[in-house]
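Order of the sequence lines fixes the chain letters, A, B, ..., with proteins taken first and strands second; residue numbering starts at 1 for each chain. Hydrogens, waters and symmetry mates play no part in the numbers below; they use all other heavy atoms, side chains included.
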Protein chains: 2
Amino acid sequence: MNIGEASAQSGLSAKTIRYYEDISLITPPRDANGYRAFHAQDVHKLIFLNRARTLGFSIEECRDLLALYEDQNRASSDVKHIAQTHLQQIEGKITQLQDMHATLSHLIKECAGDNRPNCPILKGLSGNK
Amino acid sequence: MNIGEASAQSGLSAKTIRYYEDISLITPPRDANGYRAFHAQDVHKLIFLNRARTLGFSIEECRDLLALYEDQNRASSDVKHIAQTHLQQIEGKITQLQDMHATLSHLIKECAGDNRPNCPILKGLSGNK
DNA sequence: CATAAGGGTTCCAGTAACAGGAAGGTCAAG
DNA sequence: CTTGACCTTCCTGTTACTGGAACCCTTATG
């Protein structure tokens, strides 16, 4: 299977797949013509990577997860630990975004949004509350 | 006032301030010795930028906001429009993170987290639900 | 057989928003 | 005069790719 087919099956772009090979996340063999030769197992890895990335795992976290994915003797606690750490990061980001949301929607609410130059949003941003 | 003092008053690092000059967000004059000379007005701009960045506005959004900040004839509706667009982006990110959170916490919940190799998290990521 | 379309390949540059660090100029104090 | 704290510019690295150029391979068609 060439990279185009692997791309279609995994949902990752060819560019991304080449990049993943570049950073040694995957190591597909080559055909005589130099084309990458993907097999079902490689595609599974790509799908795995796609899902993990979609869930916000960083490339390095994906590398760890992939190593555990391939290790038949892994302990599920190792995986759980990575996932839990990541979940906490997600929670932190949500909290931060909610703070931003509250502040910004408060400023917007106070703004008339008309043709007059007086603007509470800019005032709020400049620190003159 | 030198960059160190401007940094202390604005809360931005000297590195960041130099970068902002690089991309023409600010244009402080220079003393005879080549040092940047900041005045109160420059510091106000830096504080403004710091707050806007903290609220998640991109540099380009900040550039627009700064132009409006300096324009005495601006309409508050212009500012409101930028802020509302940004608020929607924040809401989108929150939704996305909440989806990720739900999926991941579901996977974690199913995982025993012990020494056995069986791991529902990896199963979930590989697509074999 | 020539060629054109639609794959594939590598390599280089750019993105966002800075941070780190090197090499060197400046200034005030002791 | 030297020390140390500033300041300067310039170069590199970060994250996870995307876009584009230049070029090779394969297959179908006139």
Side-chain angles (χ1 to χ4, degrees), chain A residues 1-39 42-43 45-66 86 89-90 93 96-97 100, chain B residues 1-39 42-43 45-66 86 89-90 93 96-97 100:
Chain A
M1 177 191 328
N2 285 343
I3 199 170
E5 181 64 21
S7 167
Q9 288 192 25
S10 67
L12 292 170
S13 74
K15 281 277 189 189
T16 299
I17 295 174
R18 291 197 193 95
Y19 172 68
Y20 285 173
E21 186 192 23
D22 234 45
I23 61 174
S24 305
L25 274 184
I26 54 169
T27 50
R30 302 296 181 112
D31 280 340
N33 58 12
Y35 287 18
R36 291 170 183 81
F38 295 88
H39 297 287
D42 302 306
V43 174
K45 274 202 206 180
L46 291 174
I47 291 171
F48 181 94
L49 287 168
N50 194 5
R51 301 212 180 186
R53 292 285 302 129
T54 301
L55 281 176
F57 287 95
S58 73
I59 291 286
E60 290 314 307
E61 285 171 330
C62 286
R63 198 187 295 279
D64 293 343
L65 288 171
L66 209 50
H86 183 59
Q89 290 171 8
I90 291 175
K93 285 183 191 173
Q96 210 178 337
L97 282 171
M100 285 166 38
Chain B
M1 176 191 330
N2 286 342
I3 200 170
E5 182 65 20
S7 167
Q9 287 192 25
S10 67
L12 292 171
S13 74
K15 281 276 187 190
T16 298
I17 295 174
R18 290 196 193 96
Y19 173 68
Y20 285 173
E21 185 192 23
D22 234 45
I23 60 174
S24 304
L25 274 184
I26 54 169
T27 50
R30 301 295 181 115
D31 282 339
N33 57 13
Y35 287 17
R36 291 170 183 82
F38 295 87
H39 298 286
D42 301 307
V43 174
K45 275 202 204 180
L46 291 175
I47 291 171
F48 181 94
L49 287 168
N50 193 5
R51 301 213 180 185
R53 292 286 301 130
T54 300
L55 281 176
F57 286 96
S58 73
I59 291 287
E60 290 315 307
E61 284 171 330
C62 286
R63 197 186 296 278
D64 294 342
L65 287 172
L66 209 51
H86 183 60
Q89 290 171 9
I90 290 175
K93 284 184 190 173
Q96 210 177 336
L97 282 171
M100 285 167 39

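- B:Ser58 OG to B:Asp64 CG: the interatomic distance, rounded to the nearest 0.5 Å, is 8.0 Å.
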Could you go step by step and tell me if A:Phe38 and A:Leu46 meet the side chain to side chain contact (heavy atoms under 4.5 Å, CB included) rule? CA-CA 10 Å; A:Phe38 295 88; A:Leu46 291 174; 4.3 Å; yes
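- Checking B:Asn33 against A:Glu5, the closest nucleotide of DNA chain C that is more toward the 5' end is the one next to A:Glu5.
- A salt bridge links A:Glu21 and A:Arg30; the closest N-O separation between the charged side-chain nitrogens and carboxylate oxygens is under 4.0 Å.
- Along DNA chain D, read 5' to 3', the first and last nucleotides having any atom under 4.0 Å from a heavy atom of chain A are D:dA16 to D:dT26.
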Determine, stepwise, if the pair B:Glu60 / B:Arg63 fulfils salt bridge (charged side-chain N to carboxylate O under 4.0 Å, His left out). CA-CA 5 Å; B:Glu60 290 315 307; B:Arg63 197 186 296 278; 3.0 Å; yes
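- Of all heavy-atom pairs between B:Ile3 and B:Ala14, the closest is CD1-O, 3.7 Å.
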Check the pair A:Glu61, A:Gln89 against side chain to side chain contact (heavy atoms under 4.5 Å, CB included), reporting the backbone distance first and the verdict last. CA-CA 12 Å; A:Glu61 285 171 330; A:Gln89 290 171 8; 3.9 Å; yes
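- Nearest heavy-atom pair, B:Ala37 versus B:Asp42, reported as atom, atom and distance to 0.1 Å: O-OD2, 4.1 Å.
- B:Arg36 comes within contact range of the sugar-phosphate backbone alone, with a heavy-atom separation under 4.0 Å but no base atom that close.
- Residue B:Ile3 is classed as a sugar-phosphate contact, given heavy-atom separations below 4.0 Å to backbone atoms only.
- Between the side chain of A:Thr16 and the main chain of A:Leu12, no donor-acceptor pair closer than 3.5 Å is present.
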Contact pattern, 5' to 3', of nucleotides 12-22 of chain C - B, S or - by protein heavy atom under 4.0 Å: -----BBSBB-
